[in-house]
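Have a look at the structure below, then the notes.
These figures come from a predicted structure and were not determined experimentally.
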Amino acid sequence: MNEKYPLSRKMQKIVSLSNTFTERDVEKLTPEAINNLNKKSIPNSRFVRKLFNKPAPHISKTTYVIPVTGGVITGHFYSSSADLAMTSLKPLIIYMHGGGWVFGNMDLYGLYCSHIAAVTNSSVLLLDYRLAPQYKFPTAIEDCYDAYLWALQGVRYWKVDPDRLFLMGDSAGGSLAAGVSLLARDRKVPIPTGQILICPVTDGRLRTESFQKYADSPTLTDRMMKFYISCYQREPKDILSPLFSPLLASDLSRLPDTLVIGAEFDPLKDDGKLFALALEAAGSQAKYIEIANTVHGFIHYPRATGAEETDCMIRQFTSGRPIDKIQALTETELKREGRLRMQEASQKFHTKEASADEE
């Protein structure tokens, strides 16, 4: 690993293993090869378990056919079967996967979504939207919006809380999640409670400082991003649409609370940071948190630097913690801090009581 990316030894190993599931020389791939990669089943091998951990326990999966404009897509619904009171309702996370609008292996994303369902005790709906290059912009965003409308009707049948409905996406999926929120606001349908954007694409012009600085990053390169955009756009001006590049929207007000999580060594780092700042400037609530010493795509590997903290932040957000109180801590660290706060509050209370008694 070169000096520009001083990753831990464990993280270097994870990146090396993960590259067996990704293709850096994307320009050489034919549409048939892309389709085969998207449909490739993930073996239950020691190697896979080492990289992704064992599948999350006690998670049920239901598959739905979702009607969308011009066709149908598949939705994979993951739900934790952890014991809850009969009246308890879970948050619902509608997940839009990354992969540059081109890749979308449901086995791989299913592993991650079942993991998120387990650590947050939520239900997660993973959308298998139609992919480029066969389906160009705006097919993917319209598929996700139609699926969002469908899910709004589904909350009455699933044991989920309609007041805790979150959109979530990584990379290109972060762009889609942000775009769905814009469409919901502009088309005057209920907006989600919040959105969680992990290393999102928000500006298809690819002009940011981080894009130049980390163009050769270990998991995402400038060549890969340019290929993805060329596959998804119908024509060059598409990248100027806020449904392609949410950062370019003329109005970012009245949008859901937005948690943006970035990676230090990611060409898309500034996409997330600038989007959070733009949301705040427009009066929407947003928070950007950057994970140090990690790379694009880290969330999919439970042992990766920042994965545990990100899981905890997602749980904090979906469980109702105000966005300005979200902390980049592991669950153990969060509990320890909670105990310290209780101790400090108790000490202050007893000190105040003692002062009152003396008076």
Under the 3.5 angstrom rule, does the side chain of Lys287 hit a backbone N or O of Ile326 as a donor-acceptor pair? yes
Please answer whether the main-chain N or O of Gly306 pairs with a side-chain N or O of Thr310 as donor and acceptor at a distance below 3.5 Å. yes
Report yes or no: do Ile94 and Leu197 belong to one cluster of Ile/Leu/Val/Met/Phe/Trp/Tyr joined by side chain heavy-atom distances under 4.5 Å? no
Under a 4.5 Å side-chain heavy-atom rule over Ile, Leu, Val, Met, Phe, Trp and Tyr, are Val189 and Ile191 clustered together? no
Is there a continuous path of hydrophobic side-chain contacts, each under 4.5 Å between heavy atoms, that joins Trp101 to Met224? yes
Polar side-chain atom of Glu308 near backbone of Thr330 as donor-acceptor pair, under 3.5 Å: no
Are the side chain of Asn105 and the backbone of Leu37 linked by a donor-acceptor contact shorter than 3.5 Å? yes
Whether Arg223 side chain and Glu27 backbone form a donor-acceptor pair below 3.5 Å: no
Do we see a donor-acceptor contact under 3.5 Å between the side chains of Asp107 and Ser41? no
Taking the side chain as C-beta and beyond, is there a heavy-atom pair between Asp203 and Val201 under 4.5 Å? no
Value for CG (Asp128) from CG (Asn38), rounded to nearest 0.5 Å, stands at 8.5 Å
State whether the side chain of Ser18 and the backbone N or O of Val15 hold a donor-acceptor pair below 3.5 Å, judged by distance alone. yes
Are any of the side-chain heavy atoms of Asp222 and Phe211 separated by less than 4.5 Å? yes
Decide side chain to side chain donor-acceptor pair (under 3.5 Å) for Thr221 and Asp216; before the verdict, give the C-alpha distance in whole Å, the side-chain angles of both, and the deciding distance to 0.1 Å. CA-CA 5 Å; Thr221 66; Asp216 61 344; over 6 Å; no
Taking all non-hydrogen atoms of both residues, which atom of Leu252 and which atom of Ser284 are closest, and how far apart? O-OG, 2.7 Å
Is there side-chain contact between Gln316 and Thr120, with heavy atoms separated by less than 4.5 Å? no
Enter the distance from Ile93:CD1 to Leu167:CG here, rounded to the nearest 0.5 Å. 10.5 Å
Evaluate side-chain contact (heavy atoms from CB on, under 4.5 Å) for Ser8 paired with Thr305, printing each intermediate quantity in order. CA-CA 8 Å; Ser8 69; Thr305 301; 4.0 Å; yes
Where is the tightest heavy-atom contact between Glu280 and Ala286, given as atom of each residue plus distance? OE2-O, 3.0 Å
Is a donor on one side and an acceptor on the other found under 3.5 Å between the side chain of Ser79 and the backbone of Ser123? no
Check the pair Phe77, Trp158 against ring-ring contact (aromatic ring centres under 6.0 Å, His included), reporting the backbone distance first and the verdict last. CA-CA 10 Å; Phe77 187 82; Trp158 304 320; 4.6 Å; yes
For a quick test of reading the model, state the closest non-hydrogen atom pair linking Gln212 to Leu206 and the distance between them. NE2-O, 3.7 Å
Any chance you could lay out the side-chain contact (heavy atoms from CB on, under 4.5 Å) test for Asn293 and Phe265, step after step, and finish with the verdict? CA-CA 7 Å; Asn293 302 315; Phe265 305 131; 4.1 Å; yes
Check whether any side-chain heavy atom of Asp271 lies under 4.5 Å from a side-chain heavy atom of Leu247, and answer yes or no. no
Of the non-hydrogen atoms in Ser80 and Ala117, which two are nearest, and what is the gap between them? CB-O, 3.8 Å
Honestly curious: do Val295 and Tyr214 fall in one hydrophobic cluster under the side-chain, below-4.5 Å linking rule? yes
Kindly compute the distance separating CD1 (Ile323) from OG1 (Thr258), expressed to the nearest 0.5 Å. 6.0 Å
On the ring face of Phe52, is Arg303 found with NZ or CZ under 6.0 Å from the centre and within 45° of the axis? no
Just checking, Arg130 and Tyr135: is the charged tip under 6.0 Å from the six-membered ring centre and within 45° of the axis? yes
Joint cluster assignment, Met168 & Ile141, ILVMFWY side-chain distance < 4.5 Å: no
Considering only heavy atoms from C-beta outward, does the side chain of Asn36 approach that of Glu32 to under 4.5 Å? yes
Which residue in the set Ile59, Ile299, Asn53, Asp311 passes side chain to side chain contact (heavy atoms under 4.5 Å, CB included) when paired with His115? Asp311
So Phe244 and Phe137, would you call those rings parallel, tilted or perpendicular, with 30° and 60° as cut-offs? tilted
Applying the ring-ring contact (aromatic ring centres under 6.0 Å, His included) test to Tyr112, which of His76, His97, His300 qualifies? His300
Check the orientation of Tyr95 and Tyr109. Use parallel for under 30°, tilted for 30 to 60°, and perpendicular for over 60°. tilted
Audit row: Thr69, Asp146, side chain to side chain donor-acceptor pair (under 3.5 Å) steps and yes/no: CA-CA 7 Å; Thr69 303; Asp146 288 345; 2.9 Å; yes
Is the distance from the ring center of Tyr64 to that of Trp150 below 6.0 Å? yes
Met313 and Ile291: side-chain contact (heavy atoms from CB on, under 4.5 Å), yes or no, with the steps? CA-CA 11 Å; Met313 286 189 280; Ile291 305 295; 3.9 Å; yes
Minimal non-hydrogen separation, Gly272 against Thr202, with atom names: N-OG1, 4.5 Å
Say you draw a straight line from CG of Leu111 to CE of Met106; how long is it, rounded to the nearest 0.5 Å? 11.5 Å
Are the side chains of Leu255 and Arg185 in contact, using a 4.5 Å heavy-atom criterion? yes
With the side chain counted from C-beta on, respond yes when Pro256 and Pro192 share a heavy-atom pair under 4.5 Å apart, and no when they do not. yes
Between Ser230 (side chain only) and Phe227 (backbone N and O only), is there a donor and an acceptor less than 3.5 Å apart? yes
Please evaluate residues Ser171 and Leu268 with respect to the criterion side-chain contact (heavy atoms from CB on, under 4.5 Å), reporting the C-alpha separation (whole Å), side-chain torsions for both, the decisive distance (0.1 Å), and the verdict. CA-CA 8 Å; Ser171 196; Leu268 298 179; 4.1 Å; yes
Within a 6.0 Å radius of atom CZ on Arg187, are there more than 12 heavy atoms belonging to other residues, nucleotides or ligands? yes
Can you tell me if CD on Glu337 sees more than 12 non-hydrogen neighbours from other groups inside 6.0 Å? yes
Do you know which two heavy atoms are closest between Cys312 and Leu334, and how far apart they sit? SG-CD2, 3.8 Å
Quick one: does any side-chain atom of Glu264 pair with a main-chain N or O of Glu290 as donor and acceptor, under 3.5 Å? no
What I'd like to find out is whether the side chain of Thr294 reaches to under 4.5 Å of the side chain of Met11, using heavy atoms alone. yes
At what distance, to the nearest 0.5 angstrom, does OG of Ser217 lie from NZ of Lys4? 9.0 Å
Hey, is NZ on Lys136 packed in by over 12 heavy atoms from elsewhere, all under 6.0 Å? yes
Taking atom CG of Asp163 and atom CG of Leu92, what is their separation to the nearest 0.5 Å? 12.0 Å
Donor-acceptor contact below 3.5 Å, side chain Asp266 vs main chain Gly297: no
